[in-house]
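Worksheet: one structure, shown below.
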2 protein chains.
Amino acid sequence: MFTYEYARPALTTDCVVFGLDDEALKVLLIQRDIPPFEGEWALPGGFVHVGESLEAAARRELKEETALEGFFLEQLHSYGDPDRDPREHVVTVSYFGLVNLIDHPPRAATDARNAGWFGLDDLPSLAFDHQQIVDTALERLRGKLRYQPVGFELLPRLFTLTELQQLYEQVLERTLDKRNFRKKVLSLGILRETDEVQQDVAHRAARLYEFDEAAYEERRQNGFHFEL
Amino acid sequence: MFTYEYARPALTTDCVVFGLDDEALKVLLIQRDIPPFEGEWALPGGFVHVGESLEAAARRELKEETALEGFFLEQLHSYGDPDRDPREHVVTVSYFGLVNLIDHPPRAATDARNAGWFGLDDLPSLAFDHQQIVDTALERLRGKLRYQPVGFELLPRLFTLTELQQLYEQVLERTLDKRNFRKKVLSLGILRETDEVQQDVAHRAARLYEFDEAAYEERRQNGFHFEL
DNA sequence: TCAAAAGTGTTCATCTTACACCCATGG
DNA sequence: CCATGGGTGTAAGATGAACACTTTTGA
């Protein structure tokens with residue numbers, strides 16, 4: 001039991017983790033096993049421990065609930081409406097993560113909660129204000145994708161230009177011209193062309209590329225501004 | 001006294017309020033009258049009350065400490081490093097505000113703390129991690145200014161195109177071409193030209209313009225994207 | 001009449017967009 | 001040999017950058 005002179009809101013983190021598979025952009029959800037909203041789907045998250053940084057709390061909860069670790073995670077927004085949790089005033093710091101579902105396939109969560117990936121057009125109704133948080137995360141993803149090289153986080157290390165283009169098309173919800181897209185993305189000089197090509201495809205195999213972090217960093221230092 | 005089953009970090013808000021006067025972009029600071037960091041300068045802010053939204057807490061503290069109210073305020077970032085406050089684990093949600101110093105001149109704060117506007121190149125050393133928060137806010141301001149019509153918040157209702165240009169030059173720290181700037185900003189169609197001109201200037205008086213919020217909103221609905 | 005800032009267009013380079021066909025591969 | 005996606009260039013339009021002089025006003 002812990003006692004304070006003044007009342008304190010509770011503090012949690014919640015994560016919106018996006019993943020990409022062959023079909024669509026998906027969000028990671030867990031099924032709640034305790035009230036409130038027992039049995040409903042919600043964002044993975046939980047209480048921040050004293051002595052723990054916000055990001056550490058977010059990563060810990062994700063690992064506990066969904067067995068995911070080691071990927072891009074960045075703070076999104078904090079929500080503190082006193083009524084957002086029916087129990088009491090709970091402030092949540094939301095995080096926004098990106099994984100590629102090839103390297104991080106869905107696994108049973110360690111603490112036995114049901115977890116799953118849901119297509120964005122196919123989300124169940126969410127507990128708390130989590131739908132709003134997902135909406136904000138999606139807006140943020142769209143914004144970041146245009147101006148920062150985060151899309152690569154959703155792809156395997158080696159990818160084809162068509163895969164990259166499809167990622168942009170799916171997230172931004174519009175079609176892009178193949179020739180213009182390739183011209184633009186290659187002109188940025190932050191992709192390394194590898195010697196490898198796609199395997200096991202029933203047509204001409206596409207060349208595989210890799211994001212060149214070092215080249216990106218160097219260009220960024222020199223005032224280069226990523227934009228797609 | 002309030003007792004909880006698990007320990008809770010304390011929760012505060014801190015505000016980085018930018019103001020523009022004739023000379024430079026300034027930040028609003030208060031001098032702390034209690035430990036820790038007693039006597040040092042810090043961002044205005046304080047504890048979030050239970051039952052109070054985050055933004056309400058930020059506005060309340062600002063009003064109490066600096067007598068400022070009724071201006072643009074938006075959430076910035078949350079900081080939760082366990083060591084950022086020497087007393088205990090304190091998580092802060094930072095906000096970022098814009099005021100024009102003509103309509104909101106510096107006044108004595110109601111609760112008798114010393115408050116003041118400091119030029120960005122002239123900041124005293126700040127308590128806690130507040131320098132980092134200011135740096136983040138400045139980055140955000142620079143980013144927002146280019147892509148959202150927030151600059152007007154720093155100017156009086158009626159302003160000249162030169163004032164607007166100087167604002168951009170000061171915040172972005174680079175000079176802009178007068179003709180190109182005017183061409184671009186007018187082509188956006190979100191400024192209303194008024195019949196009025198500058199008063200009491202010792203040279204040809206410039207025409208006064210006004211931000212046309214309605215026109216901006218309408219254009220935004222139709223997929224228009226502000227950019228300067 | 002002088003000082004100070006307001007106001008105004010054109011040109012050139014760059015970037016963006018639209019668009020269609022042949023090629024390589026595996027089945 | 002056919003189906004599938006991979007890969008490639010050009011031309012026209014739009015946008016951004018560079019640049020200097022005349023006008024208005026008050027002191």
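Letters go in sequence order (proteins before strands), and every chain restarts at 1.
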* In terms of ring plane angle, is the pair A:Phe152 and A:Phe211 parallel, tilted or perpendicular, where the classes change at 30° and 60°? -> parallel
* Look only at the side chain of B:Thr194 and the backbone of B:Glu196, and say whether a donor-acceptor pair between them is shorter than 3.5 Å. => yes
* DNA chain C: A:Ala205 or A:Arg179, which has the more 5' nearest nucleotide? -> A:Arg179
* **Phosphate OP1/OP2 of C:dA4: any B:Arg204 side-chain N/O under 4.0 Å** => no
* Nearest-Å distance, CD (B:Glu193) to C1' (C:dT8)? -> 13 Å
* **Sugar-phosphate, base or nothing in reach of B:Thr162, heavy atoms under 4.0 Å** => sugar-phosphate
* Structure fact -> Regarding the side chain of A:Lys184, the nearest nucleotide among C:dT16, C:dG27, C:dA18 is C:dT16
* B:Leu186 has an atom CG; how far is it from atom P of C:dG9, in whole Å? -> 12 Å
* Asked: Given atom CD of B:Glu227 and atom C1' of C:dT16, what is their separation to the nearest angstrom?
  -> 14 Å
* **Terminal contacting nucleotides, 5' and 3', DNA chain D versus chain A (heavy atom, 4.0 Å)** => D:dT4 to D:dT10
* To the nearest angstrom, how far is B:Asn180 atom CG from C:dC12 atom P? -> 16 Å
* Mind calculating the distance between NZ (B:Lys183) and C1' (C:dT8) to the nearest angstrom? => 10 Å
* **Where at least one partner belongs to residues 162-175 of chain B, residue pairs that pass salt bridge (charged side-chain N to carboxylate O under 4.0 Å, His left out), sequence neighbours excluded** => B:Arg142-B:Glu173
* **Interatomic distance where CG belongs to A:Asp177 and C1' belongs to C:dC21 [whole Å]** => 14 Å
* To do: May I ask you to say what A:Arg182 touches in the nucleic acid, namely base, sugar-phosphate or nothing, with a heavy-atom cut-off under 4.0 Å?
  => base
* Asked: Is a side-chain donor or acceptor of A:Glu65 paired with a backbone partner of A:Gly45 at a separation under 3.5 angstrom?
  -> yes
* Asked: Thinking salt bridges, do B:Glu40 and B:Arg32 make one under a 4.0 Å N-O criterion?
  -> no
* To do: Verify the neighbour count for atom CD of B:Glu213: are there more than 12 heavy atoms of other residues, nucleotides or ligands below 6.0 Å?
  => no
* With a 6.0 Å cut-off on ring centres, are A:Phe128 and A:Phe37 close enough? -> yes
* Which whole-number value in Å describes the distance from A:Lys178 NZ to C:dT17 C1'? -> 17 Å
